[in-house]
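All values derive from a computational prediction rather than experimental measurement. Each chain gets a letter, A, B and so on, in the order the sequences are listed, and its residues count up from 1.
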Protein chains: 2
Amino acid sequence: MTETDPSQIKGFNRARERAARALLEDYVEMIADLAAEFGEARITEIAARLGVAHPTATKAVARLKREGLAVSRPYRGVFLTEAGEALAEQVRARHRTVVALLRAVGVPEDLAELDAEGIEHHVSTRTLKAFEAFLASQGGEKG
Amino acid sequence: MTETDPSQIKGFNRARERAARALLEDYVEMIADLAAEFGEARITEIAARLGVAHPTATKAVARLKREGLAVSRPYRGVFLTEAGEALAEQVRARHRTVVALLRAVGVPEDLAELDAEGIEHHVSTRTLKAFEAFLASQGGEKG
DNA sequence: TGCGAAATGTAGCCTTGGCTACAAACTTCG
DNA sequence: CGAAGTTTGTAGCCAAGGCTACATTTCGCA
């Protein structure tokens, strides 16, 4: 019984995984942002920016470490592994594309940023491709 | 301690409320669908369609009742209140618009349906308006 | 160098959505 | 009318993300 019981996956896949993925992505994205800004991501800063208490961030980072997305030593900053960097880049690319798509269809910039936050975690790869194609065609027509 | 502790709202507002709203909307939408199809929504059917065990659906319905979105009596079907119907209609309208928007930018129909499921819960009213305006302009140009 | 402030870690509890197991009510039909 | 089967309800457990409280480790500066 060390592995997930298949009979529970279905239910698990409802709200749970939905939120779980978004959470992971939010943390990875934030760590990447902080790394770019300060060279490292400190637990306190991560917690502050995500609006959670620091133990919550600690737990999340522990999970990222379990999943091989980040590394850290006690009382030191958190860093993304290659896999983590890759995920971060993917998440950010998706974010940019979603924002661009929203703007392209007439959503005001500030609102586009805001809504993209929630939307981006639910855009499949194929849909993202479609967005890119659409943006390319738009750009072509206009520029 | 009967009311929400303000100091926890911030954190609560992160992942929690995000998933919570989506969940509520999913249930309300499903109940509306079943009502349209069978005249009433039975717990077992709701659970089956949402892919959860029936006690899970029971709990969710209890929550809908608490929030004044649905009513039901023991061993009877579940019905939406006016507020519930209103939310259902709003959710469905949003769903239709999101699907239409996705299709308009080139996302294949089946994929549009699938992704809309996750996306629709994160589209703000103003963004939805923008989508509608875009679709109207598209429709105007094309036909 | 040493002490106090700031940052982390750890423990432990709450809430929520899920599930299983079992009890109770309703339905169907012989 | 009553037994069998189906649908609901209830109880109780788990995992996960949040939080507070308290212990430790670092860091900054007199």
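Residue ring and nucleobase are not stacked for B:H54 and D:dT7 under a centre distance beneath 5.5 angstrom and an angle between planes beneath 30°.
Looking at heavy-atom distances under 4.0 Å, A:P55 makes contact with a base. Counting any heavy atom pair closer than 4.0 Å across all strands shown, A:T44 reaches sugar-phosphate atoms only and no base atom.
Pairs passing the salt bridge (charged side-chain N to carboxylate O under 4.0 Å, His left out) check and including a residue from residues 44-54 of chain B, sequence neighbours excluded, read B:E37-B:R49, B:E45-B:R49. The salt bridge (charged side-chain N to carboxylate O under 4.0 Å, His left out) analysis of residues 126-138 of chain B, with sequence neighbours excluded, yields no pairs.
Annotation: of the two residues near DNA chain D, B:E45 and B:K59, the 5′-most nearest-nucleotide partner is B:E45. When each of B:P74 and A:A57 is assigned the nucleotide of DNA chain D bearing its nearest heavy atom, the one mapping closer to the 5' terminus is B:P74.
Linking ILVMFWY residues whenever their side-chain heavy atoms come closer than 4.5 Å, directly or via other members, places A:L24 and A:L50 in the same cluster.
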Using a cut-off of under 3.5 Å, enumerate the N/O to N/O pairs linking the protein to nucleotides 27-29 of chain D.
from, atom 1, to, atom 2, distance (Å)
D:dC27, OP1, A:R76, NH1, 2.9

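Between C:dT8 and A:T58, no contact under 4.0 Å exists linking OP1 or OP2 to a side-chain N or O. In this structure, A:T56 does not reach the D:dG17 phosphate: none of its side-chain N or O atoms is under 4.0 Å from OP1 or OP2. Contact between the side-chain N/O atoms of A:R63 and the OP1/OP2 oxygens of D:dG17 is found at a separation under 4.0 Å.
The CD1 atom of B:I43 sits 7.5 Å away from atom CD1 of B:I31, with the distance rounded to the nearest 0.5 Å.
The listed nucleotides are C:dT20, D:dT10, C:dG18; the one nearest the side chain of B:A53 is C:dT20.
Rounded to an integer number of Å, the gap from A:I46 CD1 to D:dG17 P is 15 Å. In this structure, CD1 of B:I43 is placed 10 Å from C1' of D:dT7, rounded to the nearest angstrom. Across the protein-nucleic acid pair, A:R73 atom CZ and C:dA7 atom C1' stand 16 Å apart, rounded to whole Å. Computed from coordinates, the B:R66 CZ to C:dT15 P distance equals 12 Å when rounded to whole Å. Distance, A:L23 CG to D:dG18 C1': 10 Å, rounded to whole Å.
A side-chain donor-acceptor contact under 3.5 Å links A:R21 to the backbone of A:H121. Side-chain N or O atoms of B:R94 include none that pairs as donor or acceptor with a backbone N or O of B:L128 at under 3.5 Å. Judged purely by atom type and a 3.5 angstrom limit, B:R42 uses its side chain to pair as donor or acceptor with the backbone of B:Y75.
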